[in-house]
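Order of the sequence lines sets the chain letters (A, B, ...), proteins ahead of strands, with each chain counted from 1.
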Amino acid sequence: MKKYRTHNCGELNIKDKDKKISLSGWINKKRDHGNLLFLDLRDNYGLTQCVIENTHKNFKELEKLSLETVIKIDGQVIERSKDTLNKELKTGEIEISIISYEILGTTKELPIPVFSDQEYSEEIRLKYRFLDLRRKKIHQNIILRSKVISFIRSEMEKLGFLEFQTPILTSSSPEGARDFLVPSRLNPGKFYALPQAPQQFKQLIMVSGFDKYFQIAPCFRDEDARADRSPGEFYQLDLEMSFVEQEDIFNVVEKLMTNVFKKFSNKKILYEKFPQITYSDAMIKYGTDKPDLRNPIIINEFTDIFKRDDVNFEIFKKLISKGNIVRGLIAKKTKDKPRSFFDGIDKWAKDQGASGLAYFTIEKDKEIKGKGPVGKFFSSDSIQEIMKISKHISMILFAMELNYLLELLEIIYLN
RNA sequence: GGGGGUGUAGCUCAGUUGGUUAGAGCGAUCGCCUGUCACGCGAUAGGUCGAGGGUUCGAGUCCCUUCACUCCCGCCA
């Protein structure tokens, strides 16, 4: 018998029935029925339910052990009766009848429970990082990250890339972000910088003729955090190729990204070949150089509508004559929204620094007409002209400046 | 650097218009319970209401200062 375990907590099943085994792990959860105790033992690989009855000499001791105590259990694999199977668990067809146990590590009272889906503030999670990383979801995320990175390495190698490490302590490079600085003991008053990206070193590699380089590279930037941006330090897949054009690089990255998502995600992959949009097209249609193409809304050009004689929106007409343009969003299913919905959007636009938001909804009862603050300025004909863009529109928003529109996309999409 | 929000039990949170002894769930401790898998039931312990100052007969609640966390802006190829 091995000292700590013969199996891990995720591998025993009905085929191991009657085997004498040993497991080591953390007590994930206890269910104490007084004369019968269930104890879920957890390790990196999974959970196994162990069971002991009050006729056993160790029953009272095991009952007293607190969660997260690390123990070794010697026992026998037994088949669960049909009505006590747990299909949620890989090991749910069996359980371990405890023969003896040994405490490997005790615990104080836990500041945060491991067995819980409750969310905790980052502050408390980082303070007790070792407990946070024991929690199921976080633990599995870390395992997933390891597998993704390892997969990326093997894919890059298959594509003929060589992996290089580059130095961390370096001199400052003239990039946009502020450098992290590390004082030098040997040169008092002088500092190393941490690399914002492996820029200089990979260029050295490439001019030395190594042809294809990649690195899962640590990058350090001394800038403030954001909700979606870790402060200071992150990793990026960094790559360089020799004697190639833009398309060659797209081919490598597209293949890699689709393979990663095919392997690790169940989500539908929308594009094997990434859509290519020029910067100017993206700015005109979406108002951003990183559009989310799952969002069907695009920004339309309405300057000509406002030039019509049967449209009497004088403020915009005046601005157009000075060379401004009018662009707008068409939103669906907004006709029956309460006034507060529109006021909310208007207030939001003002919060963003705009003077306000011109909008109207379209009524289609007897004749087509515009409703809302600026609806009366539009003739039936001009609205029909707008509806050529989409038959299903019910609201239209105008703004004179592109920047405000792009963020409106998001808020309307969500509503 | 600027603006907003939050801070109450170990954790997650409630606390009305300023008014008696500040509550709940989970966790902990103790007791009961032989088929649970978020087991169930009962009891007990646990509080500098972030800190400091002020207003008031009286402050978790109002005001000022300060600290921490958090979100947004700035910043980040």
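- Looking only at side-chain heavy atoms (C-beta outward), A/I52 and A/L39 stay at 4.5 Å or farther from each other.
- Among residues two or more places apart in sequence or in another chain, the ring-ring contact (aromatic ring centres under 6.0 Å, His included) test is passed with A/F164 by A/F210.
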request  = Return one dot-bracket line describing RNA chain B 5' to 3' (Watson-Crick or G-U wobble pairs, both distances under 3.5 Å; ( ) same strand, [ ] crossing, | another strand, . none).
outcome  = (((((((..((((.....[...)))).(((((.......))))).....(((((..]....))))))))))))....

Which atom pairs link the protein and nucleotides 37-39 of chain B when you take only N or O atoms and keep those under 3.5 Å?
unit_1: B/rC37; atom_1: O4'; unit_2: A/R31; atom_2: NE; d: 3.0
unit_1: B/rC37; atom_1: O2; unit_2: A/Q49; atom_2: OE1; d: 3.3
unit_1: B/rC37; atom_1: O2; unit_2: A/N86; atom_2: ND2; d: 2.9
unit_1: B/rC37; atom_1: N3; unit_2: A/R80; atom_2: NH1; d: 2.9
unit_1: B/rC37; atom_1: N4; unit_2: A/T84; atom_2: O; d: 2.6
unit_1: B/rC39; atom_1: OP1; unit_2: A/K29; atom_2: NZ; d: 3.0
unit_1: B/rC39; atom_1: OP2; unit_2: A/R31; atom_2: NH1; d: 3.4
unit_1: B/rC39; atom_1: N4; unit_2: A/D32; atom_2: O; d: 2.1

request  = For each nucleotide in nucleotides 67-72 of chain B, reading 5' to 3', give B when a protein heavy atom comes within less than 4.0 Å of its base, S when such contact involves only the sugar-phosphate, and - otherwise.
outcome  = -SS-SS

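- Atom CZ of A/R178 and atom P of B/rG74 are 13 Å apart (whole Å).
- A/Y128 places its OH atom 11 Å from the P atom of B/rU12, with the value rounded to the nearest Å.
- Rounded to whole angstrom, the span from the CD atom of A/E233 across to the C1' atom of B/rC76 amounts to 16 Å.
- Atom CD of A/E119 is surrounded by 12 or fewer heavy atoms from other residues, nucleotides or ligands within 6.0 Å.
- The ring-ring contact (aromatic ring centres under 6.0 Å, His included) check on A/F38 picks up A/H33, with sequence neighbours excluded.
- A donor and an acceptor atom sit less than 3.5 Å apart, one in the side chain of A/E95 and one in the base of B/rG35.
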Restricting to nitrogen or oxygen on both sides, can you table the protein-nucleotides 43-46 of chain B pairs closer than 3.5 Å?
none

